[in-house]
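The shown structure was predicted, so the numbers you read here are calculated from the model rather than taken from an experiment.
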Amino acid sequence: MEVVRSGFVESTHQARMLTVDAEGRLIETQGAVHVPASPRSSMKPLQALGMLRGGLALEGELLALACASHSGEPFHAEGVRKILADAGLEEQALRCPEDHPFDRRSTEYGRVFMNCSGKHAAMLATCAVNDWPLTTYLEPSHPLQRAIRETVEELTGERVAASGVDGCGAPLFFVSMLGVTKAFRAFPRSSADSYERKIFDAMRAHPEMTSGTDRLEAKLMRALPGLMVKSGAEGFDAFAFEDGRAGTVKIEDGSMRARGPVTVAALRSLGLDAPELAELAAPPVLGGGRPVGEVRIR
């Protein structure tokens with residue numbers, strides 16, 4: 001894709017893309033979608049599934065928050081504190097880094113505002129219900145993390161190619177885009193009373209809780225109500241529609257500005273479109289506060 005300023009191609013980004021139809025048949029592939037990738041926070045619905053299977057009792061907006069890379073808005077922080085309080089825990093139990101909300105004008109600072117704090121609160125709540133150690137919940141050998149890894153391998157149909165540490169300190173599992181797409185299809189295609197469907201419905205019903213009021217993921221889910229989409233750092237996106245259409249996107253250089261247009265292109269390759277996606281497909285490049293170009297798919 002290209003970034004065009006005043007008619008001049010200023011920079012370019014390369015992307016991998018994979019989409020499948022409602023039957024799981026390949027529709028479009030770009031790049032090496034079969035090799036291990038780093039899905040980052042796109043794996044949070046799978047992590048939440050492992051926690052629900054382990055006894056976590058969250059529903060609705062708090063379950064959506066457990067899957068979130070949130071903006072640290074007041075309702076996000078309130079939700080994180082509620083998950084912890086309901087488990088008899090305090091903020092000090094969180095092991096994610098301290099951070100500011102995404103709105104850098106805010107003077108708030110702490111672990112509860114870190115974008116992964118909803119997941120961490122849910123991890124702690126899962127440990128509490130099982131009487132598992134709280135201080136070591138991020139260790140790969142911890143019962144919680146072993147259960148999550150098993151869930152990832154089950155849904156992707158792959159053995160984890162490698163593991164590492166995510167930005168929030170939690171274990172990170174490297175699998176292929178094919179595997180991630182297969183896993184995301186499992187959420188809408190599972191039975192109505194399944195944990196998978198519970199996560200799918202919670203994220204779609206509360207898009208602002210999964211990201212933020214004005215974030216790309218929320219905009220996509222509001223525009224396409226049957227869609228579940230989860231972003232990951234370094235330019236990763238994964239999504240599934242209610243009929244089983246699904247896909248993944250990875251921007252090779254990790255650019256997040258390229259993620260929106262490429263994800264919209266992936267959705268459109270499956271016939272998923274809405275008027276609200278037009279600006280997301282070609283966001284303006286500004287000069288002096290006015291549009292002087294665009295980010296576009298070439």
Under 4.5 Å between side-chain heavy atoms, chaining through other members, with only Ile, Leu, Val, Met, Phe, Trp and Tyr counted: pull out the rest of the cluster around Leu286, sorted by chain and number.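 Answer for Leu286: none, a lone residue.
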Do [Y] and [X] meet the salt-bridge criterion of a basic N to acidic O distance under 4.0 Å?
X      : Y      : answer
Lys198 : Asp193 : no
Arg245 : Asp21  : no
Glu196 : Arg185 : no

Contacts of Glu150 that satisfy side-chain hydrogen bond (donor to acceptor under 3.5 Å, both in side chains) - sequence neighbours left out: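 In terms of side-chain hydrogen bond (donor to acceptor under 3.5 Å, both in side chains), with neighbours along the sequence ignored, Glu150 is linked to no residue.
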Donor-acceptor pair, distance only, cut-off 3.5 Å: does the side chain of Glu294 make one with the backbone of Val3?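 Not confirmed, Glu294 side chain does not pair with Val3 backbone.
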Donor-acceptor list for residues 222-229 side chains, cut-off 3.5 Å, not counting sequence neighbours:
{"from": "Arg222", "atom 1": "NH1", "to": "Glu208", "atom 2": "OE2", "distance (Å)": "2.7"}
{"from": "Arg222", "atom 1": "NH1", "to": "Thr213", "atom 2": "O", "distance (Å)": "3.3"}
{"from": "Arg222", "atom 1": "NH2", "to": "Thr213", "atom 2": "O", "distance (Å)": "3.3"}

Can you measure from [atom1] ([X]) to [atom2] ([Y]) and round to the nearest 0.5 angstrom?
X      : Y     : atom1 : atom2 : value
Met177 : Gln30 : CE    : CD    : 10.0 Å
Arg215 : Glu73 : CZ    : CD    : 8.5 Å
Thr126 : Met51 : OG1   : CE    : 5.5 Å

Are Val33 and Phe184 connected into the same hydrophobic cluster when the rule is that any two of I, L, V, M, F, W, Y join if their side-chain heavy atoms are below 4.5 Å apart?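 In one cluster: yes.
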Hydrophobic cluster membership, Met114 vs Leu84, 4.5 Å side-chain cutoff: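 No; Leu84 is not reachable from Met114 via cluster members.
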Under the ring pair (Phe, Tyr, Trp, His ring centres under 6.0 Å) test, residues paired with Tyr109 that sit two or more places apart: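 In terms of ring pair (Phe, Tyr, Trp, His ring centres under 6.0 Å), with neighbours along the sequence ignored, Tyr109 is linked to His100.
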Side-chain donor-acceptor pairs under 3.5 Å in residues 89-96, sequence neighbours left out?
{"from": "Glu91", "atom 1": "OE2", "to": "Arg81", "atom 2": "NE", "distance (Å)": "2.6"}
{"from": "Arg95", "atom 1": "NH1", "to": "Gln92", "atom 2": "O", "distance (Å)": "3.1"}
{"from": "Arg95", "atom 1": "NH1", "to": "Ala93", "atom 2": "O", "distance (Å)": "3.4"}

Please set out all donor-acceptor pairs under 3.5 angstrom arising from side-chain atoms of residues 163-173, sequence neighbours excluded.
{"from": "Asp166", "atom 1": "OD1", "to": "Arg40", "atom 2": "NE", "distance (Å)": "2.6"}
{"from": "Asp166", "atom 1": "OD1", "to": "Arg40", "atom 2": "NH2", "distance (Å)": "3.2"}

